[in-house]
Peer 1: 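This structure is in C-alpha coordinates; I'll ask about it shortly.
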Number of protein chains: 2
Amino acid sequence: MANLELVINDYLPLRDVVYQTLRNAILKGELKPGERLMEMKLAGKLGVSRTPIREAIRMLEQEGLAITIPRHGAQVAKMTQKDMDDVYEVRRALETLAMKYVSGNMTTEQIADLRYAEKVFEEAVADGDSDKIEQKDTEFHMVIYEATGNMRLGSIMTTISEQLSRYRWAYLLHHKQLKQVIDEHRALVDAIESGDYEKCLKATMDHLNSQEEIIKEVIKANN
Amino acid sequence: MANLELVINDYLPLRDVVYQTLRNAILKGELKPGERLMEMKLAGKLGVSRTPIREAIRMLEQEGLAITIPRHGAQVAKMTQKDMDDVYEVRRALETLAMKYVSGNMTTEQIADLRYAEKVFEEAVADGDSDKIEQKDTEFHMVIYEATGNMRLGSIMTTISEQLSRYRWAYLLHHKQLKQVIDEHRALVDAIESGDYEKCLKATMDHLNSQEEIIKEVIKANN
DNA sequence: TTATTGTATTTTGTATACAAGAAAATACAA
DNA sequence: TTGTATTTTCTTGTATACAAAATACAATAA
(Lines give C-alpha, C1' and ligand atoms only; values in the text may rest on other atoms or scores of the structure.)
Protein backbone atom coordinates (compact mmCIF):
# COMPACT_ATOMS: atom_id res chain seq x y z
CA MET A 1 0.00 0.00 0.00
CA ALA A 2 0.98 3.61 -0.43
CA ASN A 3 3.19 5.30 2.11
CA LEU A 4 0.83 7.62 3.87
CA GLU A 5 1.77 10.37 6.24
CA LEU A 6 -0.33 12.97 7.97
CA VAL A 7 0.44 16.66 7.80
CA ILE A 8 -1.10 17.70 11.09
CA ASN A 9 -2.80 21.06 11.32
CA ASP A 10 -3.59 21.74 14.92
CA TYR A 11 -6.92 23.32 14.33
CA LEU A 12 -8.30 21.08 11.64
CA PRO A 13 -10.08 17.98 12.95
CA LEU A 14 -8.19 14.78 12.21
CA ARG A 15 -10.99 13.54 10.00
CA ASP A 16 -10.30 16.39 7.58
CA VAL A 17 -6.58 15.77 7.58
CA VAL A 18 -7.17 12.06 7.02
CA TYR A 19 -9.67 12.85 4.27
CA GLN A 20 -7.21 15.07 2.43
CA THR A 21 -4.43 12.55 2.84
CA LEU A 22 -6.44 9.65 1.47
CA ARG A 23 -7.95 11.77 -1.27
CA ASN A 24 -4.54 12.88 -2.47
CA ALA A 25 -3.27 9.35 -2.41
CA ILE A 26 -6.21 8.21 -4.53
CA LEU A 27 -5.98 11.08 -7.00
CA LYS A 28 -2.27 10.55 -7.43
CA GLY A 29 -2.74 6.85 -7.92
CA GLU A 30 -0.80 5.89 -4.81
CA LEU A 31 -3.91 4.13 -3.60
CA LYS A 32 -4.87 2.06 -6.60
CA PRO A 33 -8.40 1.57 -7.96
CA GLY A 34 -9.94 -1.47 -6.31
CA GLU A 35 -7.54 -1.38 -3.37
CA ARG A 36 -9.24 -2.07 -0.05
CA LEU A 37 -9.39 0.69 2.52
CA MET A 38 -9.16 -1.22 5.77
CA GLU A 39 -9.84 0.87 8.81
CA MET A 40 -7.37 -0.68 11.22
CA LYS A 41 -4.57 -0.73 8.68
CA LEU A 42 -5.07 2.91 7.77
CA ALA A 43 -5.45 3.86 11.42
CA GLY A 44 -2.17 2.11 12.17
CA LYS A 45 -0.35 3.72 9.26
CA LEU A 46 -1.59 7.21 10.08
CA GLY A 47 -1.31 6.86 13.83
CA VAL A 48 -4.92 7.71 14.63
CA SER A 49 -7.95 5.78 15.80
CA ARG A 50 -10.60 4.30 13.56
CA THR A 51 -13.11 7.07 14.18
CA PRO A 52 -11.56 9.78 11.98
CA ILE A 53 -10.70 7.15 9.37
CA ARG A 54 -14.32 6.08 9.16
CA GLU A 55 -15.53 9.66 8.83
CA ALA A 56 -13.01 10.34 6.09
CA ILE A 57 -14.15 7.23 4.24
CA ARG A 58 -17.77 8.43 4.39
CA MET A 59 -16.66 11.66 2.75
CA LEU A 60 -14.70 9.91 0.02
CA GLU A 61 -17.65 7.63 -0.58
CA GLN A 62 -20.01 10.57 -1.08
CA GLU A 63 -17.54 12.08 -3.53
CA GLY A 64 -17.36 8.94 -5.60
CA LEU A 65 -13.71 8.21 -4.85
CA ALA A 66 -14.48 5.22 -2.66
CA ILE A 67 -17.13 2.56 -2.71
CA THR A 68 -18.28 0.82 0.42
CA ILE A 69 -20.19 -2.39 0.54
CA PRO A 70 -21.96 -2.76 3.90
CA ARG A 71 -20.07 -5.11 6.19
CA HIS A 72 -17.36 -5.61 3.59
CA GLY A 73 -15.68 -2.30 3.90
CA ALA A 74 -14.53 0.33 1.45
CA GLN A 75 -12.32 0.25 -1.59
CA VAL A 76 -10.91 2.81 -3.98
CA ALA A 77 -13.41 3.40 -6.80
CA LYS A 78 -12.49 2.13 -10.22
CA MET A 79 -12.75 4.30 -13.27
CA THR A 80 -13.47 2.78 -16.64
CA GLN A 81 -13.11 4.06 -20.18
CA LYS A 82 -16.90 4.48 -20.28
CA ASP A 83 -16.83 6.54 -17.07
CA MET A 84 -14.25 8.77 -18.63
CA ASP A 85 -16.36 9.28 -21.77
CA ASP A 86 -19.34 10.16 -19.61
CA VAL A 87 -17.40 12.59 -17.47
CA TYR A 88 -16.03 14.32 -20.54
CA GLU A 89 -19.47 14.71 -22.06
CA VAL A 90 -20.66 16.39 -18.88
CA ARG A 91 -17.57 18.51 -18.74
CA ARG A 92 -18.05 19.67 -22.32
CA ALA A 93 -21.59 20.78 -21.51
CA LEU A 94 -20.45 22.69 -18.45
CA GLU A 95 -17.42 24.26 -20.10
CA THR A 96 -19.77 25.48 -22.79
CA LEU A 97 -21.90 27.07 -20.10
CA ALA A 98 -18.80 28.65 -18.59
CA MET A 99 -17.91 30.17 -21.96
CA LYS A 100 -21.42 31.61 -22.25
CA TYR A 101 -20.84 33.36 -18.97
CA VAL A 102 -17.37 34.70 -19.62
CA SER A 103 -17.13 35.51 -23.34
CA GLY A 104 -17.37 39.25 -23.57
CA ASN A 105 -18.03 39.59 -19.85
CA MET A 106 -14.64 39.32 -18.20
CA THR A 107 -13.19 42.51 -16.79
CA THR A 108 -9.69 43.58 -17.83
CA GLU A 109 -8.57 42.72 -14.32
CA GLN A 110 -9.97 39.20 -14.57
CA ILE A 111 -8.28 38.72 -17.92
CA ALA A 112 -5.02 39.93 -16.41
CA ASP A 113 -5.47 37.36 -13.62
CA LEU A 114 -6.03 34.69 -16.22
CA ARG A 115 -2.91 35.65 -18.13
CA TYR A 116 -0.98 35.59 -14.88
CA ALA A 117 -2.32 32.14 -14.00
CA GLU A 118 -1.28 31.00 -17.42
CA LYS A 119 2.23 32.34 -16.93
CA VAL A 120 2.52 30.65 -13.56
CA PHE A 121 1.48 27.40 -15.21
CA GLU A 122 4.23 27.82 -17.80
CA GLU A 123 6.74 28.35 -15.04
CA ALA A 124 5.59 25.18 -13.31
CA VAL A 125 6.11 23.33 -16.58
CA ALA A 126 9.60 24.78 -16.83
CA ASP A 127 10.30 23.60 -13.28
CA GLY A 128 9.16 20.12 -14.15
CA ASP A 129 7.50 19.47 -10.78
CA SER A 130 4.47 17.42 -11.71
CA ASP A 131 2.56 18.13 -8.51
CA LYS A 132 2.93 21.82 -9.14
CA ILE A 133 2.04 21.53 -12.83
CA GLU A 134 -1.13 19.72 -11.95
CA GLN A 135 -2.00 22.30 -9.33
CA LYS A 136 -1.33 25.29 -11.53
CA ASP A 137 -3.31 23.81 -14.38
CA THR A 138 -6.28 23.44 -12.04
CA GLU A 139 -5.81 26.99 -10.81
CA PHE A 140 -5.78 28.34 -14.35
CA HIS A 141 -9.14 26.77 -15.06
CA MET A 142 -10.48 27.88 -11.69
CA VAL A 143 -9.88 31.51 -12.63
CA ILE A 144 -12.33 31.01 -15.48
CA TYR A 145 -14.92 29.24 -13.37
CA GLU A 146 -14.72 31.92 -10.74
CA ALA A 147 -15.19 34.58 -13.36
CA THR A 148 -18.54 33.00 -14.23
CA GLY A 149 -19.77 34.02 -10.80
CA ASN A 150 -21.69 30.74 -10.59
CA MET A 151 -20.41 29.04 -7.46
CA ARG A 152 -22.25 25.81 -8.14
CA LEU A 153 -20.68 25.53 -11.55
CA GLY A 154 -17.29 26.15 -9.99
CA SER A 155 -17.67 23.48 -7.39
CA ILE A 156 -18.99 20.86 -9.79
CA MET A 157 -16.18 21.62 -12.22
CA THR A 158 -13.61 21.37 -9.46
CA THR A 159 -14.92 17.97 -8.49
CA ILE A 160 -14.87 16.79 -12.07
CA SER A 161 -11.42 18.14 -12.73
CA GLU A 162 -10.05 16.56 -9.59
CA GLN A 163 -11.55 13.24 -10.47
CA LEU A 164 -9.92 13.44 -13.85
CA SER A 165 -6.63 14.25 -12.19
CA ARG A 166 -6.52 10.61 -11.16
CA TYR A 167 -5.28 10.11 -14.70
CA ARG A 168 -3.78 13.44 -15.60
CA TRP A 169 -0.66 12.93 -13.52
CA ALA A 170 0.44 10.27 -15.95
CA TYR A 171 0.47 12.37 -19.05
CA LEU A 172 1.54 15.61 -17.46
CA LEU A 173 4.97 14.06 -17.25
CA HIS A 174 5.40 14.06 -21.02
CA HIS A 175 7.01 17.24 -22.07
CA LYS A 176 5.75 17.20 -25.60
CA GLN A 177 2.16 17.21 -24.47
CA LEU A 178 2.84 19.98 -21.99
CA LYS A 179 4.00 22.24 -24.77
CA GLN A 180 0.67 21.61 -26.44
CA VAL A 181 -1.24 22.32 -23.23
CA ILE A 182 0.50 25.68 -23.00
CA ASP A 183 -0.45 26.53 -26.57
CA GLU A 184 -4.04 25.59 -25.90
CA HIS A 185 -4.19 27.67 -22.73
CA ARG A 186 -2.81 30.66 -24.62
CA ALA A 187 -5.31 30.20 -27.41
CA LEU A 188 -8.08 30.08 -24.84
CA VAL A 189 -7.00 33.29 -23.15
CA ASP A 190 -6.75 35.02 -26.51
CA ALA A 191 -10.22 33.84 -27.45
CA ILE A 192 -11.66 35.06 -24.18
CA GLU A 193 -9.95 38.41 -24.61
CA SER A 194 -11.44 38.73 -28.10
CA GLY A 195 -14.87 38.36 -26.53
CA ASP A 196 -16.07 36.15 -29.38
CA TYR A 197 -18.18 33.29 -28.03
CA GLU A 198 -17.61 30.96 -30.98
CA LYS A 199 -13.84 31.41 -30.72
CA CYS A 200 -13.98 30.69 -26.99
CA LEU A 201 -16.00 27.58 -27.58
CA LYS A 202 -13.61 26.28 -30.21
CA ALA A 203 -10.54 26.91 -28.03
CA THR A 204 -12.19 25.14 -25.10
CA MET A 205 -13.25 22.16 -27.14
CA ASP A 206 -9.82 21.81 -28.72
CA HIS A 207 -8.31 21.76 -25.25
CA LEU A 208 -10.78 19.19 -23.93
CA ASN A 209 -10.51 16.94 -26.94
CA SER A 210 -6.76 16.72 -26.89
CA GLN A 211 -6.75 16.09 -23.15
CA GLU A 212 -9.37 13.40 -23.44
CA GLU A 213 -7.42 11.72 -26.21
CA ILE A 214 -4.30 11.46 -24.10
CA ILE A 215 -6.08 10.32 -20.95
CA LYS A 216 -7.82 7.58 -22.89
CA GLU A 217 -4.48 6.28 -24.03
CA VAL A 218 -3.25 6.25 -20.45
CA ILE A 219 -6.28 4.27 -19.30
CA LYS A 220 -5.89 1.84 -22.15
CA ALA A 221 -2.23 1.38 -21.25
CA ASN A 222 -3.20 0.84 -17.59
CA ASN A 223 -5.50 -2.07 -18.46
CA MET B 1 -37.12 20.33 15.80
CA ALA B 2 -38.64 17.88 13.36
CA ASN B 3 -40.13 14.64 14.58
CA LEU B 4 -37.64 12.12 13.35
CA GLU B 5 -38.09 8.40 13.26
CA LEU B 6 -35.90 5.65 11.90
CA VAL B 7 -37.15 3.02 9.50
CA ILE B 8 -34.77 0.24 10.40
CA ASN B 9 -33.56 -2.07 7.68
CA ASP B 10 -31.72 -4.96 9.23
CA TYR B 11 -29.02 -5.13 6.66
CA LEU B 12 -28.34 -1.47 6.08
CA PRO B 13 -25.85 0.05 8.53
CA LEU B 14 -27.43 2.57 10.86
CA ARG B 15 -25.35 5.36 9.37
CA ASP B 16 -27.18 4.92 6.06
CA VAL B 17 -30.58 4.84 7.70
CA VAL B 18 -29.72 7.94 9.70
CA TYR B 19 -28.38 9.63 6.58
CA GLN B 20 -31.57 8.98 4.64
CA THR B 21 -33.70 10.10 7.55
CA LEU B 22 -31.87 13.39 8.02
CA ARG B 23 -31.62 13.98 4.30
CA ASN B 24 -35.36 13.53 3.85
CA ALA B 25 -36.06 15.83 6.75
CA ILE B 26 -33.84 18.51 5.22
CA LEU B 27 -35.24 18.15 1.71
CA LYS B 28 -38.79 18.31 3.00
CA GLY B 29 -38.00 21.33 5.10
CA GLU B 30 -38.69 19.59 8.38
CA LEU B 31 -35.16 20.44 9.39
CA LYS B 32 -34.96 24.12 8.57
CA PRO B 33 -32.03 25.88 6.90
CA GLY B 34 -29.64 27.11 9.58
CA GLU B 35 -30.94 24.68 12.18
CA ARG B 36 -28.20 23.09 14.25
CA LEU B 37 -27.57 19.39 13.96
CA MET B 38 -26.48 18.44 17.45
CA GLU B 39 -25.15 14.97 17.75
CA MET B 40 -26.47 14.05 21.16
CA LYS B 41 -29.90 15.46 20.47
CA LEU B 42 -30.22 13.60 17.20
CA ALA B 43 -28.81 10.46 18.78
CA GLY B 44 -31.41 10.69 21.52
CA LYS B 45 -34.28 11.33 19.12
CA LEU B 46 -33.30 8.48 16.84
CA GLY B 47 -32.29 6.10 19.57
CA VAL B 48 -28.76 5.44 18.35
CA SER B 49 -25.29 6.44 19.47
CA ARG B 50 -23.33 9.40 18.21
CA THR B 51 -21.15 7.34 15.88
CA PRO B 52 -23.69 6.71 13.09
CA ILE B 53 -24.98 10.26 13.49
CA ARG B 54 -21.53 11.66 12.91
CA GLU B 55 -20.97 9.53 9.83
CA ALA B 56 -24.32 10.60 8.41
CA ILE B 57 -23.42 14.25 9.01
CA ARG B 58 -20.15 13.79 7.12
CA MET B 59 -22.15 12.49 4.16
CA LEU B 60 -24.63 15.35 4.25
CA GLU B 61 -21.76 17.78 4.49
CA GLN B 62 -20.10 16.38 1.38
CA GLU B 63 -23.39 16.65 -0.45
CA GLY B 64 -23.82 20.28 0.45
CA LEU B 65 -26.91 19.78 2.60
CA ALA B 66 -25.08 20.48 5.85
CA ILE B 67 -22.26 22.77 6.82
CA THR B 68 -19.94 22.01 9.68
CA ILE B 69 -17.68 24.46 11.39
CA PRO B 70 -14.90 22.67 13.27
CA ARG B 71 -15.69 22.45 16.99
CA HIS B 72 -19.00 24.22 16.52
CA GLY B 73 -20.87 21.41 14.91
CA ALA B 74 -23.06 21.12 11.87
CA GLN B 75 -26.12 22.97 10.67
CA VAL B 76 -28.53 22.61 7.80
CA ALA B 77 -27.21 24.46 4.76
CA LYS B 78 -29.02 27.56 3.66
CA MET B 79 -30.09 28.09 0.08
CA THR B 80 -30.33 31.57 -1.37
CA GLN B 81 -32.00 32.99 -4.43
CA LYS B 82 -28.56 33.27 -6.04
CA ASP B 83 -27.85 29.59 -5.33
CA MET B 84 -31.08 28.71 -7.02
CA ASP B 85 -30.20 30.76 -10.11
CA ASP B 86 -26.83 29.07 -10.29
CA VAL B 87 -28.25 25.60 -9.91
CA TYR B 88 -30.78 26.28 -12.64
CA GLU B 89 -28.12 27.49 -15.06
CA VAL B 90 -26.20 24.26 -14.51
CA ARG B 91 -29.32 22.23 -14.84
CA ARG B 92 -30.21 23.90 -18.13
CA ALA B 93 -26.79 23.04 -19.53
CA LEU B 94 -27.10 19.42 -18.46
CA GLU B 95 -30.69 19.01 -19.61
CA THR B 96 -29.55 20.30 -22.98
CA LEU B 97 -26.90 17.60 -23.01
CA ALA B 98 -29.50 15.02 -22.07
CA MET B 99 -31.64 16.11 -25.01
CA LYS B 100 -28.68 15.75 -27.35
CA TYR B 101 -28.37 12.17 -26.20
CA VAL B 102 -32.01 11.18 -26.40
CA SER B 103 -33.58 13.10 -29.29
CA GLY B 104 -33.92 10.61 -32.09
CA ASN B 105 -32.14 7.93 -30.10
CA MET B 106 -34.71 6.53 -27.75
CA THR B 107 -36.04 3.07 -28.52
CA THR B 108 -39.79 2.54 -28.77
CA GLU B 109 -39.56 0.60 -25.53
CA GLN B 110 -37.86 3.49 -23.75
CA ILE B 111 -40.48 5.90 -25.05
CA ALA B 112 -43.17 3.55 -23.81
CA ASP B 113 -41.49 3.54 -20.39
CA LEU B 114 -41.47 7.31 -20.44
CA ARG B 115 -45.16 7.48 -21.31
CA TYR B 116 -45.85 5.05 -18.51
CA ALA B 117 -43.84 7.11 -16.02
CA GLU B 118 -45.80 10.14 -17.15
CA LYS B 119 -49.07 8.34 -16.56
CA VAL B 120 -47.99 7.22 -13.11
CA PHE B 121 -47.15 10.83 -12.31
CA GLU B 122 -50.62 11.92 -13.39
CA GLU B 123 -52.13 9.30 -11.11
CA ALA B 124 -50.06 10.56 -8.22
CA VAL B 125 -51.37 14.05 -8.92
CA ALA B 126 -54.91 12.68 -8.92
CA ASP B 127 -54.22 11.01 -5.55
CA GLY B 128 -52.95 14.27 -4.14
CA ASP B 129 -50.22 12.67 -2.02
CA SER B 130 -47.43 15.20 -2.24
CA ASP B 131 -44.67 12.75 -1.28
CA LYS B 132 -45.73 10.49 -4.08
CA ILE B 133 -46.09 13.35 -6.56
CA GLU B 134 -42.58 14.50 -5.82
CA GLN B 135 -41.25 10.96 -6.16
CA LYS B 136 -43.03 10.22 -9.41
CA ASP B 137 -41.91 13.50 -10.90
CA THR B 138 -38.30 12.58 -10.12
CA GLU B 139 -38.82 9.12 -11.59
CA PHE B 140 -40.21 10.56 -14.80
CA HIS B 141 -37.09 12.63 -15.31
CA MET B 142 -34.87 9.73 -14.31
CA VAL B 143 -36.24 7.68 -17.21
CA ILE B 144 -34.83 10.31 -19.54
CA TYR B 145 -31.47 10.50 -17.79
CA GLU B 146 -31.16 6.74 -17.85
CA ALA B 147 -31.95 6.69 -21.53
CA THR B 148 -28.89 8.87 -22.13
CA GLY B 149 -26.74 5.96 -20.99
CA ASN B 150 -24.46 8.45 -19.23
CA MET B 151 -24.38 7.37 -15.60
CA ARG B 152 -22.46 10.41 -14.47
CA LEU B 153 -25.00 12.73 -15.97
CA GLY B 154 -27.74 10.75 -14.26
CA SER B 155 -26.15 10.94 -10.86
CA ILE B 156 -25.36 14.65 -11.08
CA MET B 157 -28.87 15.38 -12.27
CA THR B 158 -30.33 13.33 -9.44
CA THR B 159 -28.33 15.28 -6.92
CA ILE B 160 -29.39 18.57 -8.45
CA SER B 161 -33.02 17.61 -8.66
CA GLU B 162 -33.06 16.41 -5.07
CA GLN B 163 -31.48 19.60 -3.88
CA LEU B 164 -34.15 21.55 -5.69
CA SER B 165 -36.78 19.40 -4.05
CA ARG B 166 -36.06 21.31 -0.85
CA TYR B 167 -38.37 23.88 -2.38
CA ARG B 168 -40.50 21.89 -4.74
CA TRP B 169 -42.64 20.36 -1.99
CA ALA B 170 -44.19 23.74 -1.40
CA TYR B 171 -45.52 24.37 -4.83
CA LEU B 172 -46.38 20.80 -5.70
CA LEU B 173 -49.33 21.24 -3.43
CA HIS B 174 -51.00 23.75 -5.70
CA HIS B 175 -53.27 21.99 -8.07
CA LYS B 176 -53.23 24.63 -10.75
CA GLN B 177 -49.49 24.36 -11.16
CA LEU B 178 -49.65 20.60 -11.21
CA LYS B 179 -51.96 20.68 -14.20
CA GLN B 180 -49.33 22.74 -15.96
CA VAL B 181 -46.57 20.32 -15.00
CA ILE B 182 -48.57 17.50 -16.55
CA ASP B 183 -49.00 19.46 -19.77
CA GLU B 184 -45.29 20.16 -19.88
CA HIS B 185 -44.39 16.54 -19.30
CA ARG B 186 -46.70 15.48 -22.10
CA ALA B 187 -45.22 18.06 -24.43
CA LEU B 188 -41.77 16.78 -23.59
CA VAL B 189 -42.66 13.17 -24.32
CA ASP B 190 -44.25 14.20 -27.62
CA ALA B 191 -41.15 16.16 -28.56
CA ILE B 192 -38.87 13.25 -27.74
CA GLU B 193 -41.07 10.91 -29.74
CA SER B 194 -40.88 13.27 -32.72
CA GLY B 195 -37.10 12.92 -32.59
CA ASP B 196 -36.63 16.62 -33.34
CA TYR B 197 -33.83 18.05 -31.20
CA GLU B 198 -35.02 21.63 -31.35
CA LYS B 199 -38.51 20.63 -30.24
CA CYS B 200 -37.04 18.62 -27.36
CA LEU B 201 -34.94 21.54 -26.28
CA LYS B 202 -37.86 23.92 -26.33
CA ALA B 203 -40.09 21.57 -24.33
CA THR B 204 -37.34 21.07 -21.76
CA MET B 205 -36.62 24.75 -21.39
CA ASP B 206 -40.30 25.61 -21.06
CA HIS B 207 -40.56 23.08 -18.26
CA LEU B 208 -37.48 24.36 -16.46
CA ASN B 209 -38.42 27.99 -16.81
CA SER B 210 -41.88 27.60 -15.39
CA GLN B 211 -40.59 25.50 -12.52
CA GLU B 212 -37.86 28.00 -11.73
CA GLU B 213 -40.38 30.81 -11.76
CA ILE B 214 -42.57 29.14 -9.18
CA ILE B 215 -39.71 28.06 -6.92
CA LYS B 216 -38.37 31.59 -6.90
CA GLU B 217 -41.71 32.83 -5.65
CA VAL B 218 -41.67 30.25 -2.91
CA ILE B 219 -38.21 31.31 -1.79
CA LYS B 220 -39.21 34.96 -1.87
CA ALA B 221 -42.26 34.16 0.21
CA ASN B 222 -40.11 32.21 2.68
CA ASN B 223 -37.88 35.21 3.34
C1' DT C 1 -11.37 -34.69 -5.88
C1' DT C 2 -15.15 -31.82 -4.54
C1' DA C 3 -18.60 -30.06 -1.15
C1' DT C 4 -19.76 -28.99 3.24
C1' DT C 5 -19.48 -27.95 7.82
C1' DG C 6 -17.35 -25.98 11.82
C1' DT C 7 -14.02 -23.01 13.95
C1' DA C 8 -10.69 -19.30 14.32
C1' DT C 9 -9.59 -14.90 12.70
C1' DT C 10 -10.36 -10.62 10.71
C1' DT C 11 -13.11 -6.72 9.86
C1' DT C 12 -16.87 -3.79 10.22
C1' DG C 13 -20.73 -1.72 13.14
C1' DT C 14 -22.10 0.58 17.25
C1' DA C 15 -21.77 2.32 21.83
C1' DT C 16 -19.38 4.55 25.26
C1' DA C 17 -15.69 6.96 27.80
C1' DC C 18 -12.86 10.64 28.26
C1' DA C 19 -10.36 14.84 26.66
C1' DA C 20 -10.48 19.43 25.00
C1' DG C 21 -12.45 23.43 23.10
C1' DA C 22 -16.38 26.85 22.96
C1' DA C 23 -20.19 29.06 24.91
C1' DA C 24 -22.84 30.49 28.72
C1' DA C 25 -23.40 31.75 33.34
C1' DT C 26 -21.71 33.70 37.35
C1' DA C 27 -19.03 36.65 40.21
C1' DC C 28 -16.70 40.65 40.95
C1' DA C 29 -14.65 45.23 40.19
C1' DA C 30 -14.87 49.69 38.11
C1' DT D 1 -24.86 49.30 34.94
C1' DT D 2 -21.09 47.82 32.30
C1' DG D 3 -17.03 45.26 31.45
C1' DT D 4 -14.02 41.55 32.49
C1' DA D 5 -12.41 37.25 34.80
C1' DT D 6 -13.53 32.89 36.20
C1' DT D 7 -16.11 28.94 36.61
C1' DT D 8 -19.39 25.80 34.86
C1' DT D 9 -21.74 23.50 31.35
C1' DC D 10 -22.32 21.96 26.89
C1' DT D 11 -20.64 20.14 22.60
C1' DT D 12 -17.45 18.26 19.61
C1' DG D 13 -13.20 15.32 18.77
C1' DT D 14 -10.88 11.07 19.43
C1' DA D 15 -9.92 6.59 21.28
C1' DT D 16 -11.34 2.32 22.73
C1' DA D 17 -14.30 -1.64 23.89
C1' DC D 18 -17.35 -4.96 22.61
C1' DA D 19 -20.76 -7.15 19.42
C1' DA D 20 -21.84 -9.12 15.13
C1' DA D 21 -20.97 -10.27 10.55
C1' DA D 22 -17.88 -11.94 6.98
C1' DT D 23 -13.94 -14.49 5.61
C1' DA D 24 -10.31 -17.94 5.61
C1' DC D 25 -9.21 -22.30 6.26
C1' DA D 26 -8.96 -26.85 7.99
C1' DA D 27 -11.36 -31.12 8.90
C1' DT D 28 -14.74 -34.23 7.41
C1' DA D 29 -17.88 -36.66 4.40
C1' DA D 30 -19.62 -37.76 -0.19
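Residue numbering restarts at 1 for every chain, and letters A, B, ... go by the order of the sequence lines. Just so it is clear, the values below take in all heavy atoms, side chains as well, and ignore hydrogens, waters and symmetry mates.
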Peer 1: Report all side-chain donor-acceptor pairs from residues 88-100 of chain B shorter than 3.5 Å, counting only partners two or more places apart or in another chain.
Peer 2:
unit_1: B:Arg91; atom_1: NE; unit_2: B:Glu95; atom_2: OE2; d: 3.2
unit_1: B:Arg91; atom_1: NH2; unit_2: B:Glu95; atom_2: OE2; d: 3.3
unit_1: B:Arg92; atom_1: NH1; unit_2: B:Asn209; atom_2: OD1; d: 2.6
unit_1: B:Arg92; atom_1: NH1; unit_2: B:Glu212; atom_2: OE1; d: 3.4
unit_1: B:Arg92; atom_1: NH2; unit_2: B:Glu212; atom_2: OE1; d: 2.9
unit_1: B:Glu95; atom_1: OE2; unit_2: B:Tyr145; atom_2: OH; d: 2.5
unit_1: B:Thr96; atom_1: OG1; unit_2: B:Arg92; atom_2: O; d: 2.7

Peer 1: Would you mind pulling out the nucleotide paired to C:dA20, Watson-Crick or G-U wobble, both distances under 3.5 Å?
Peer 2: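 Base partner found: D:dT11.
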
Peer 1: How does each nucleotide of nucleotides 6-15 of chain C score, in 5' to 3' order, for protein heavy atoms under 4.0 Å: base (B), sugar-phosphate only (S), or none (-)?
Peer 2: -----SBBBB

Peer 1: Expressed in angstrom and rounded to an integer, what is the separation of A:Tyr19 atom OH from D:dG13 atom P?
Peer 2: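 Those two atoms, OH and P, are 17 Å apart.
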
Peer 1: For A:Asp113, check side chain to side chain donor-acceptor pair (under 3.5 Å) against everything at least two apart and list the hits.
Peer 2: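 With sequence neighbours excluded, A:Asp113 shows a side chain to side chain donor-acceptor pair (under 3.5 Å) to no residue whatsoever.
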
Peer 1: Return the set of residues passing side chain to side chain donor-acceptor pair (under 3.5 Å) with A:Asn105 (not counting sequence neighbours), or none when no residue passes.
Peer 2: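 With sequence neighbours excluded, A:Asn105 shows a side chain to side chain donor-acceptor pair (under 3.5 Å) to no residue whatsoever.
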
Peer 1: Could you list the residues that satisfy side chain to side chain donor-acceptor pair (under 3.5 Å) with B:Glu122, not counting sequence neighbours?
Peer 2: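 Result, side chain to side chain donor-acceptor pair (under 3.5 Å) vs B:Glu122: B:Arg186.
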
Peer 1: Going by purine N1 to pyrimidine N3 plus the second Watson-Crick contact, or the G-U wobble pair, all under 3.5 Å, which nucleotide sits opposite C:dC28?
Peer 2: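 Its partner is D:dG3 (Watson-Crick or G-U wobble, both distances under 3.5 Å).
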
Peer 1: For A:Lys132, which residues count as a side chain to side chain donor-acceptor pair (under 3.5 Å) partner, sequence neighbours excluded?
Peer 2: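 By the side chain to side chain donor-acceptor pair (under 3.5 Å) rule, A:Lys132 matches A:Asp127.
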
